[in-house]
Amino acid sequence: MDGKALAARIRREVAADVAELGELALATILVGDDAASKIYIRLKHNAAREVGIEPIDRRLPADVSEAEVIAAVDELNGDDSVDGVLVQLPLPADLDEARAIAAIEPVKDVDGIHPLNAGLLYLGRPTLVGATPVGVLALLDEYDVPLEGANAVVVGRSDIVGKPVAHLLLERNATVTICHSRTRDLPALTRAADVLVVAVGRDRMVKPDWIKPGAAVVDVGMNRSEEGLFGDVDPAGMEVAGAMTPVPGGVGPMTIAMLLRNTVQAARFRRGSLAFPRA
Ligand code: NAP
């Protein structure tokens with residue numbers, strides 16, 4: 001499943017949407033100087049610029065107070081020219097991520113992690129949902145993977161990937177099993193999966209014989225080592241799976257493309273062409 005190609009198409013569609021909607025802006029807040037976060041911010045800004053969305057770059061020093069982070073979020077919440085607000089995670093350890101996220105105006109929450117948006121997803125009313133999970137579903141749809149009634153196994157239960165992916169699959173009438181670090185006999189569960197989504201962060205953990213022949217496998221993992229960048233699934237799994245995402249070139253490019261699409265969606269909510277649920 002070629003995420004690079006699909007992401008390129010989505011970016012073209014987003015560019016057309018932006019041209020129709022007029023000026024759009026995506027604001028990011030980066031606290032401290034985590035090297036990986038700086039790279040992600042640069043990628044997001046470049047991608048935004050390419051489709052005609054203005055990137056707004058707010059940077060705060062690592063020793064900033066929680067009140068100052070929330071003040072920065074509030075300022076962007078109140079700025080009518082800003083469509084999306086994103087706090088780059090992780091925050092430095094002494095800052096409370098949950099409170100910073102809760103400060104984001106839900107209709108501008110392009111990462112879909114504000115409790116209102118997460119709760120709406122849980123209630124089966126997906127509104128703004130994180131870019132990685134919607135990217136996973138977009139890939140499965142692009143390759144016509146049947147979801148209704150399928151056995152879907154999600155390995156990983158993080159708030160940003162595993163849980164939202166599981167809810168989106170449930171929404172599509174898959175029978176969903178969520179696995180995590182305490183799951184007993186994980187290979188037996190993954191082997192039963194028609195659709196397997198792995199978001200763990202362990203280099204090539206899922207072996208080819210953990211995969212049901214013909215299954216659709218989405219590998220969210222990004223593990224950097226001296227050998228290079230690898231996913232959570234052994235690339236030899238491609239020979240067993242019916243369809244599988246590569247790393248790189250699978251979910252990674254989809255995440256950026258879907259963030260841009262979420263920014264368009266947030267703009268439509270605020271401009272009234274889509275109704276944003278209040279509760
Ligand atoms: P996370 O917050 O660290 O969560 C990892 C999950 O994996 C946890 O639920 C954990 O279980 C589970 N886990 C850990 N070891 C396990 C094991 N041996 N067997 C089964 N489950 C195990 O990670 P995340 O943020 O979801 O990210 C997961 C991976 O996706 C990382 O490699 C990350 O870099 C990558 N990622 C990629 C993108 C992209 O755009 N491609 C976006 C986001 C994340 P417990 O809950 O029990 O601890």
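Keep in mind the model is a prediction, meaning the values are calculated, not measured. Nothing fancy with the numbering, it's 1 onward along the sequence. Both counts, for ligands and for their atoms, begin at 1 and track the order of listing.
- Pocket lining of ligand 1, defined as residues with a non-hydrogen atom under 4.0 Å away: Thr132, Val155, Gly156, Arg157, Ser158, Ile160, Val161, His180, Ser181, Leu186, Ala199, Val200, Gly201, Arg202, Met205, Val220, Gly221, Met222, Asn223, Val251, Gly252, Thr255.
- Ionic pairing of Arg11 and Glu50 is present here: one or more N-O contacts between side-chain nitrogen and carboxylate oxygen are shorter than 4.0 angstrom.
- Under a 4.5 Å side-chain heavy-atom cut-off, the cluster of Ile, Leu, Val, Met, Phe, Trp and Tyr residues that includes Val153 is completed by Val155, Leu186, Leu196, Val198, Val200, Met205, Val206, Trp210, Ile211, Val217, Val233, Met238, Val240, Met244.
- Residues satisfying the salt bridge (charged side-chain N to carboxylate O under 4.0 Å, His left out) test with Glu171, not counting sequence neighbours, are none.
- A salt bridge does not link Arg224 with Asp203: none of the charged nitrogens is closer than 4.0 Å to a carboxylate oxygen.
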(request) Any chance you could lay out the side chain to side chain donor-acceptor pair (under 3.5 Å) test for Gln88 and Lys44, step after step, and finish with the verdict? (result) CA-CA 11 Å; Gln88 184 67 36; Lys44 289 169 188 177; 2.8 Å; yes
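- Annotation: salt bridge (charged side-chain N to carboxylate O under 4.0 Å, His left out) contacts of Asp80 (sequence neighbours excluded): Arg270.
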